[in-house]
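Read through the structure below, which is laid out as structure tokens, and then see the notes.
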Amino acid sequence: MFRRVAAASLALIVAVGVLVAAPASGAVKISNGVKCTKPGKTTKTSLGKYKCGKNLLTRSTKLVWLSTDCIKITTTYRKAIRALPTIKVATDSAVAGFAKDVVAAQSNISAGL
């Protein structure tokens, strides 16, 4: 009788252990940089919303999960980098105009105006 109870208890413990451990080890945790397979697919986790795609800040062609916030920031960054030459021209023009104003103000001060 004791053998049957011991064997049944051991079998029950092993079965419960397998059922509890299997889902935890088989689950893939989704976060930035984790491999994915379907481009454009989105998913929501407790940490936020993620989209499967290529990372725009690297040369890699691998598909990875990217936070939608990360995608927005990367897009804004890339637009700013493309706009830099235009911004530099406008800034250089403004600085040249300020330099002319300073020279004119200095000559007015020297002339006693």
query = According to the disulfide bond (SG atoms under 2.5 Å apart) rule, which pairs have a member within residues 44-89, sequence neighbours left out?
reply = Cys36-Cys52

Within-4.5 Å side-chain heavy-atom neighbours: Lys41 and Trp65 = yes

ask   = Going by the salt bridge (charged side-chain N to carboxylate O under 4.0 Å, His left out) test, which pairs reach into residues 55-65, not counting sequence neighbours?
value = none

Pairwise disulfide bond (SG atoms under 2.5 Å apart) hits with a residue in residues 75-108, at least two apart = none

task = With sequence neighbours excluded, give me every side-chain hydrogen bond (donor to acceptor under 3.5 Å, both in side chains) pair touching residues 42-56.
result = none

inquiry  = Membership question, hydrophobic clusters at under 4.5 Å side-chain separation (ILVMFWY): are Leu84 and Leu57 in the same one?
reply    = yes

task = Taking all non-hydrogen atoms of both residues into account, name the closest pair between Leu63 and Pro39 and its distance.
result = CD1-CD, 3.7 Å

inquiry  = For the CG atom of Leu56 and the CG atom of Leu66, what is their distance to the nearest 0.5 Å?
reply    = 7.5 Å

query = Do any pairs count as a side-chain hydrogen bond (donor to acceptor under 3.5 Å, both in side chains) and have a residue in residues 69-89, sequence neighbours left out, and if so which ones?
reply = Lys88-Asp92

request  = Tell me, please, which residues at least two apart from Thr91 pass side-chain contact (heavy atoms from CB on, under 4.5 Å).
outcome  = Ile87, Val95

